[in-house]
Amino acid sequence: MKVLITQEEIKKRVEELAEEIRRKYKGKELVVLILLKGAFVFAADLLRRLEGVEIRCDFIKASSYGTSTESSGNVQLNLLPSLDITGKEVLLVDDILDTGLTLKKVKDWVLEQGAKNCETCVLLDKPERRKVPFKADYTGFEIPNHFVVGYGMDCAERYRHLPYVAILE
Ligand code: IMP
Ligand code: MG
């Protein structure tokens with residue numbers, strides 16, 4: 001395992017992302033939908049820096065059945081938020097934007113529910129891997145095409161608790 005992004009680098013970048021989001025939504029209502037499971041650590045750090053935004057948060061879970069390191073492309077939503085998002089401004093928070101299939105599916109679903117708009121925030125982006133065009137509104141770090149773990153991200157449910165992002169070799 002090789003550390004790709006240190007704890008300090010993550011902390012600094014999360015503060016910057018939160019500041020950008022806070023500036024945009026200060027004093028406004030925002031529904032934050034956290035993609036399980038991978039985004040739970042990132043979201044916990046990010047949300048605690050969004051004081052001044054009227055946040056309601058909920059969770060959503062998508063799976064694409066496949067091997068532990070390769071998505072099958074068939075994305076299913078298998079846990080839906082209980083909050084009503086009709087007419088709301090929504091921010092989707094995910095750990096990593098890879099092929100783009102998951103966030104595209106979830107964002108389309110959010111808009112189909114009648115949300116007023118839907119922005120996306122990801123800690124990591126692997127642009128080389130895209131299968132459908134997708135750009136996040138807020139991106140922590142662009143990284144090369146390596147499988148990474150830590151800070152919420154797993155390989156077969158391991159390593160989510162690591163405080164840094166590492167390349168799994
Ligand atoms: P996408 O649908 O291919 O964009 O995949 C997004 C999801 O795949 C993420 O939310 C992650 O859960 C998972 N994923 C993609 N790349 C990695 C990685 O390098 N490490 C751990 N999980 C990953
Ligand atoms: Mg995952």
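Note that the structure is a prediction, hence the values are computed from the model and not measured.
Contact detail for N145 and R129: the closest heavy-atom pair is OD1-CD, 3.0 Å. In this structure, S82 and D58 approach most closely via the heavy-atom pair N-OD2, 2.8 Å. Heavy-atom minimum distance, L168 versus Y159: CD1-CE1, 3.8 Å. A136 and T120 make their closest contact through CA-OG1, 3.2 Å (heavy atoms, listed as atom of the first residue, atom of the second, distance). The minimum heavy-atom distance linking R130 with T99 is given by the pair CD-O, 3.3 Å. Contact detail for N74 and Q76: the closest heavy-atom pair is ND2-NE2, 3.4 Å.
Considering CG of L91 and OH of Y25, their distance stands at 6.0 Å, rounded to 0.5 Å. Expressed to the nearest 0.5 Å, how far CG of L17 lies from OH of Y138 amounts to 9.5 Å. Going from atom NZ of K116 over to atom CD of E89 covers 4.5 Å, rounded to the nearest 0.5 Å. Annotation: the span from E128 atom CD to I143 atom CD1 amounts to 9.5 Å, rounded to 0.5 Å. With rounding to the nearest 0.5 angstrom, the CG atom of N117 is 8.0 Å from the CG atom of L111.
Under the rule for a side chain to side chain donor-acceptor pair (under 3.5 Å), R158 has no partner lying at least two apart in sequence or in another chain. Scored by the salt bridge (Lys or Arg N to Asp or Glu O under 4.0 Å) test, K2 finds no partners at all (sequence neighbours excluded). Under the side chain to side chain contact (heavy atoms under 4.5 Å, CB included) criterion, E51 pairs with no residue at all, not counting sequence neighbours. Every residue two or more places apart in sequence or in another chain that forms a salt bridge (Lys or Arg N to Asp or Glu O under 4.0 Å) with E119 is listed here: K24. In this structure, K26 has no side chain to side chain donor-acceptor pair (under 3.5 Å) partners at least two apart in sequence or on a different chain. By the side chain to side chain donor-acceptor pair (under 3.5 Å) test, E16 pairs with K12, R13, sequence neighbours left out. Residues forming a side chain to side chain contact (heavy atoms under 4.5 Å, CB included) with E157 (at least two apart in sequence, or on another chain): K37, D154, R160. Under the side chain to side chain contact (heavy atoms under 4.5 Å, CB included) criterion, Q7 pairs with P163, not counting sequence neighbours. For K104, the side chain to side chain donor-acceptor pair (under 3.5 Å) test picks out D108, with sequence neighbours left out.
Counting only distance, with no hydrogens or angles, the side chain of K126 and the backbone of H146 share a donor-acceptor pair below 3.5 Å. Without hydrogens or angle criteria, R56 side chain to V32 main chain gives no donor-acceptor distance under 3.5 Å.
Counting only heavy atoms from C-beta outward, the side chains of L101 and S64 never approach each other to under 4.5 Å. L124 has its side chain within reach of I5: a pair of non-hydrogen atoms, C-beta onward, lies under 4.5 Å apart. Between M1 and V149, some side-chain heavy-atom pair lies under the 4.5 Å cut-off.
Applying the salt bridge (Lys or Arg N to Asp or Glu O under 4.0 Å) definition to pairs two or more places apart or across chains, none involves residues 135-147.
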Could you give me the CA-CA distance, side-chain angles and deciding distance for K88 and E29, then say whether side chain to side chain contact (heavy atoms under 4.5 Å, CB included) is met? CA-CA 8 Å; K88 303 290 186 199; E29 277 185 34; 3.3 Å; yes
I'd like a table of donor-acceptor pairs (distance under 3.5 Å, sequence neighbours excluded) in which one partner is a side-chain atom from residues 39-47, with atom names and distances.
from : atom 1 : to   : atom 2 : distance (Å)
D45  : OD1    : R48  : NH2    : 2.9
D45  : OD2    : Y151 : OH     : 2.6

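Taking a 4.5 Å side-chain heavy-atom cut-off between Ile, Leu, Val, Met, Phe, Trp and Tyr, the cluster of L35 extends to V31, L33, I60, L77, L80, L83, I85, V90, L92, L97, L103, V106, W109, V110, V122, F134.
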